[in-house]
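For the numbers below, each heavy atom of this structure counts, side chains included, while hydrogens, waters and symmetry mates do not.
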Amino acid sequence: MILLTTMFLFLMIWLFFKFTGAMLKICYVLCIGLPLALTFAMLGVVLCCTLILAPLGTGLMRLAGRVVYPF
């Protein structure tokens, strides 16, 4: 009975850690990732309009994709 109770306790702790990690990932993507990625993407589009700064603009566009979901 003690072994069963201990296994259930560890299962619940593991589930709570998984749930907390998922919620933190969602909060990061919505609160930090999307606004930062939109800023980088808009700046990248502006820089792509110039001939000299086009490589920097494409780099910012790739960075925007990585900022949204770095996991």
Throw together a table of side-chain donor-acceptor distances under 3.5 angstrom for residues 3-13, partners on residues two or more places apart or in other chains.
from : atom 1 : to   : atom 2 : distance (Å)
Thr5 : OG1    : Met1 : O      : 2.8
Thr6 : OG1    : Ile2 : O      : 2.8

Expected list for residues 56-63: side-chain donor-acceptor pairs under 3.5 angstrom, two or more places apart:
from  : atom 1 : to    : atom 2 : distance (Å)
Thr58 : OG1    : Ala54 : O      : 3.4
Thr58 : OG1    : Pro55 : O      : 2.9

Please list every donor-acceptor pair under 3.5 Å in which a side-chain atom of residues 22-50 meets a protein atom from a residue at least two apart or in another chain.
from  : atom 1 : to    : atom 2 : distance (Å)
Tyr28 : OH     : Val67 : O      : 3.1
Thr39 : OG1    : Pro35 : O      : 2.8
Thr50 : OG1    : Leu47 : O      : 2.9
Thr50 : OG1    : Leu53 : N      : 3.4

